[in-house]
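Only one structure is covered here, and it is reproduced in the block below.
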Amino acid sequence: MTSEIIAADPTLHYSTDEHAPDDWQSETTSLASAIYRGLVENGRRYQTLRPNGSHVPSDDQMFETYEASHLLALIMDLEEENPFFRSPVGKDPKHILDIGTGTGSWAIDVADLFPNATVRGVDLFPPPVSWIPPNCLLEVDDILQPWTWRDEFDLVHLRLLDSAFTPVETDHLYKQCYDHIKSGGWIEQLEMSSFIECDDDSVPEDSLLWSWGPRFTLVADKAGKPLGIMRTFRESIEKAGFEDIHTKEYKWPIGAWPKDKGYKEAGAVNFQHWLSGMEGYGMWLLTKFGDPVPWTKEEVQVYVAKMRKELSNPRFHAYHRARRIWARKPLHGVDITAEPSS
Ligand SMILES: C[S@@+](CC[C@H](N)C(=O)[O-])C[C@H]1O[C@@H](n2cnc3c(N)ncnc32)[C@H](O)[C@@H]1O
């Protein structure tokens with residue numbers, strides 16, 4: 001795994017070794033700018049570091065979506081002293097990793113919260129940052145490559161990675177997490193369902209909203225990157241060898257329809273999350289694997305526009321589920337359940 005570290009400007013760092021040959025530097029520089037350019041298709045920009053690595057764009061509209069989901073996750077845990085994670089890592093963790101960091105906001109906020117920790121965020125595309133705390137390192141890399149960090153992590157965090165990996169890649173990723181988390185350290189993951197639900201029949205049976213989850217399950221399966229991580233990630237974490245597994249369930253409202261002030265605020269933010277995110281989540285999958293035949297860009301845009309219109313209906317009390325799981329790597333050689341000897 002060769003990491004590119006993002007500077008605050010944001011420009012990819014390359015060697016400042018004055019003896020390095022010029023052609024090496026220019027190769028590295030053009031590699032960096034090629035990474036920033038990405039691949040533009042159907043009006044959206046995609047990462048180019050890993051071929052078929054992510055079917056979700058890495059562009060301003062998607063970053064806006066990630067900012068909304070970051071805020072949403074925080075609002076839904078505002079009653080917690082630490083709304084960023086539940087893992088009991090103590091007051092002085094040293095090494096934290098955020099996989100698929102997107103805008104890097106989680107890594108940056110956690111670095112602010114734990115100034116003595118080194119917090120790394122890794123993504124296939126450079127996060128759109130202009131300033132990061134000195135103890136935060138945002139790296140452009142493919143997390144499926146062998147990890148070369150020397151320090152073991154107190155905590156590895158993953159969020160909103162549904163359909164990012166094939167089943168084989170998923171197993172490989174959790175194994176890497178296990179191998180690089182210190183004994184007694186934690187893994188934590190927050191995921192959301194793409195299936196829209198409603199408890200009071202306010203969303204009519206013929207509403208397009210019901211089609212979103214099943215449609216994307218179908219096309220993501222065709223793409224070989226299954227959707228539905230909510231059903232599987234507990235098992236994957238357990239299979240990798242983690243124990244002491246905890247779960248927290250959420251209902252994330254879409255729209256400001258709930259009476260409760262906190263949920264209303266969450267719903268308003270989630271509404272923006274869906275509005276700005278649907279095209280990006282759908283464009284690549286539907287234009288490549290759309291059912292029964294690949295869709296055109298315009299067909300995707302019309303579908304998304306209709307979804308937006310329905311979601312804007314204040315009478316529809318729509319929500320989707322989310323789940324947080326945190327689990328510990330066994331403490332080798334120490335039985336923490338044993339009574340202290342007197
Ligand atoms: C839906 S976004 C979630 C971003 C962030 N975790 C958050 O919650 O805001 C998924 C991210 O995973 C990244 N990703 C997908 N495959 C990856 C890989 N092999 N290595 C590193 N990042 C990856 C994508 O580039 C994208 O930014």
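Computed from heavy atoms alone, side chains included, the values below leave out hydrogens, waters and symmetry copies. Here, residue 1 is the first one in the sequence, and each next residue gets the next number. Just so you know, ligand 1 is whichever comes first in the structure, and atom 1 is the first atom listed for that ligand.
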Tabulation required: pairs of a nitrogen or oxygen in ligand 1 and a protein nitrogen or oxygen under 3.5 Å; columns are atom names and distance to 0.1 Å; otherwise 'none'.
| residue | atom | partner | partner atom | Å |
| --- | --- | --- | --- | --- |
| ligand 1 | 6 (N) | Gly100 | O | 2.7 |
| ligand 1 | 6 (N) | Arg159 | O | 2.9 |
| ligand 1 | 8 (O) | Arg159 | NE | 2.7 |
| ligand 1 | 8 (O) | Arg159 | NH2 | 3.4 |
| ligand 1 | 19 (N) | Asp142 | OD1 | 2.8 |
| ligand 1 | 20 (N) | Ile143 | N | 3.0 |
| ligand 1 | 25 (O) | Asp123 | OD1 | 2.7 |
| ligand 1 | 27 (O) | Asp123 | OD1 | 3.3 |
| ligand 1 | 27 (O) | Asp123 | OD2 | 2.7 |

**Prompt:** Can you tell which of Arg328, Lys329, Arg86 makes a salt bridge (charged side-chain N to carboxylate O under 4.0 Å, His left out) with Asp244?
**Reply:**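 The salt bridge (charged side-chain N to carboxylate O under 4.0 Å, His left out) with Asp244 is passed solely by Arg328 among Arg328, Lys329, Arg86.
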
**Prompt:** Knowing that exactly one of Lys182, Lys91, Lys94 qualifies, which makes a salt bridge (charged side-chain N to carboxylate O under 4.0 Å, His left out) with Asp154?
**Reply:**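 For Asp154, the salt bridge (charged side-chain N to carboxylate O under 4.0 Å, His left out) test succeeds with only one of Lys182, Lys91, Lys94, which is Lys182.
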
**Request:** Measure up the Trp212 and Phe216 rings against each other and bin them: parallel (under 30°), tilted (30 to 60°), perpendicular (over 60°).
**Result:**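 Taking Phe216 first and then Trp212, their aromatic rings sit tilted (interplane angle of 30° to 60°).
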
**Item:** Trp257 ring center near Phe271 ring center (under 6.0 Å)
**Value:**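 Ring-ring flag for Trp257/Phe271: false, centres at least 6.0 Å apart.
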
**Prompt:** Would you say Asp179 has more than 12 foreign heavy atoms packed within less than 6.0 Å of its CG?
**Reply:**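 More than 12 heavy atoms, drawn from other residues, nucleotides or ligands, come within 6.0 Å of this atom.
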
All N/O donor-acceptor pairs, side-chain side in residues 106-113, below 3.5 Å, sequence neighbours left out:
| residue | atom | partner | partner atom | Å |
| --- | --- | --- | --- | --- |
| Trp106 | NE1 | Phe84 | O | 3.1 |
| Trp106 | NE1 | His157 | NE2 | 3.4 |
| Asp109 | OD2 | His70 | NE2 | 2.8 |

